[in-house]
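The figures that follow rest on heavy atoms only: side chains count, while hydrogens, waters and symmetry mates do not.
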Amino acid sequence: MAFLFRREYNLKTPWESEKTKDIPDIWLRKVATMVLTLDVNKDGNASTKDIVEVALRMIQSAGISGIASDVLINGFQDMVYAYEAEQKDIWAQTWDQQVLNMWSNHAKCPAVIEANKTFYRKLFQALDFNSDGLISFSEYIHFWAALDLEPSEARMQFDYMDADHDGEITEKEFVDAAIDYEHNHTDADTKNRFYG
């Protein structure tokens, strides 16, 4: 994985930094994957422009317009501001700085987790296109497409999140999976592929 990051970004990876020697490898891999996935224009950082682009891709993929598209854009912008409130200037940093910043903020776990839960609740609401309080696979696939992730793996992640196996994801199931992905640094065998 580090080789792929090095080749694609031509940057020093966090794995090569003395600053990361005490950070669990599983956490580094997951969070670097998250940041690099959100970096949709592949310029070396996940920026506010990238996050808005994800929203625009979802709008296009789902074919929504009018108030629904405004709600989605506003939801994504709110997510950007919420993250920035907890981690100042996070969106202006290079991807490796973002990963290191996230780890240093990881020590303030309760506050960061609450900010992240707010972020993922808003993302859930943005993905719930028909506002029924659930995400179906047909709604979820637009998130996967917007991130340009492998479509064949979308079902695997959806089924992972669908803890009660009812064919729909609740807000709790979605947020729990996202928080586990971003904060669990002990489970090397996790099946959680929230960001691919």
| What is the ring orientation for Phe194 with Tyr120, classed by angle as parallel under 30°, tilted 30 to 60°, or perpendicular over 60°? | perpendicular

| note | Residues pairing under salt bridge (charged side-chain N to carboxylate O under 4.0 Å, His left out) where one sits in residues 166-177, two or more places apart or in two chains, turn out to be Arg121-Glu171, Lys172-Asp176

| query | Which is it for Glu53 and Arg57 under the salt bridge (Lys or Arg N to Asp or Glu O under 4.0 Å) test, yes or no, and what are the steps along the way? | reply | CA-CA 6 Å; Glu53 178 62 24; Arg57 288 178 178 188; 3.5 Å; yes

Which heavy atom of [X] sits nearest to which heavy atom of [Y], and what is that distance?
X: Trp144; Y: Arg193; value: CH2-O, 3.4 Å
X: Tyr140; Y: Ala154; value: CE2-O, 3.6 Å
X: Met58; Y: Ala126; value: CE-O, 4.5 Å

| said: On the six-membered ring of Tyr160, is Lys191 placed so that its NZ or CZ lies under 6.0 angstrom from the centre and within 45° of the ring axis? | reply: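 Verdict for Tyr160: no cation-pi partner in Lys191.
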
| field | Within 45° cone of Phe137 ring axis and under 6.0 Å: Arg155 NZ or CZ | value |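 Judged by the rule, Arg155 and Phe137 form a cation-pi pair.
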
| Residue pair Ser131 / Asp128, side-chain donor-acceptor N/O under 3.5 Å | no

With side chains defined as the heavy atoms from C-beta onward, is the minimum distance between [X] and [Y] less than 4.5 Å?
X: Ile135; Y: Thr170; answer: no
X: Asn192; Y: Asp180; answer: yes
X: Asp148; Y: Val40; answer: no
X: Phe76; Y: Val52; answer: no

Rounded to the nearest 0.5 Å, how far apart are [atom1] of [X] and [atom2] of [Y]?
X: Met34; Y: Glu182; atom1: CE; atom2: CD; answer: 4.0 Å
X: Ile64; Y: Leu72; atom1: CD1; atom2: CG; answer: 5.0 Å
X: Leu38; Y: Ser47; atom1: CG; atom2: OG; answer: 10.0 Å
X: Ile51; Y: Trp91; atom1: CD1; atom2: CH2; answer: 4.0 Å
X: Met156; Y: Met161; atom1: CE; atom2: CE; answer: 10.5 Å
X: Lys122; Y: Leu127; atom1: NZ; atom2: CG; answer: 14.0 Å

| message | Please evaluate residues Ile59 and Ile73 with respect to the criterion side-chain contact (heavy atoms from CB on, under 4.5 Å), reporting the C-alpha separation (whole Å), side-chain torsions for both, the decisive distance (0.1 Å), and the verdict. | response | CA-CA 9 Å; Ile59 289 167; Ile73 291 286; 3.7 Å; yes

Mark yes or no for whether [X], through its side chain, and [Y], through its backbone, hold a donor-acceptor pair below 3.5 Å.
X: Gln93; Y: Ala46; result: no
X: Asp162; Y: Ile169; result: no
X: Asp50; Y: Asn41; result: yes
X: Tyr181; Y: Lys30; result: yes
X: Asp39; Y: Lys42; result: yes

| message | Quick check: is Leu134 connected to Phe143 through a chain of hydrophobic side chains (ILVMFWY, heavy atoms under 4.5 Å apart)? | response |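 No; tracing contacts between hydrophobic side chains, which count when under 4.5 Å, never links both residues.
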
| Residue pairs passing the side chain to side chain donor-acceptor pair (under 3.5 Å) test where at least one lies in residues 59-72, sequence neighbours excluded |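 Listed once each, the pairs are Ser61-His142.
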
| query | Looking at residues at least two apart in the chain, or sitting in another chain, which of them share a side-chain hydrogen bond (donor to acceptor under 3.5 Å, both in side chains) with Asn74? | reply | none

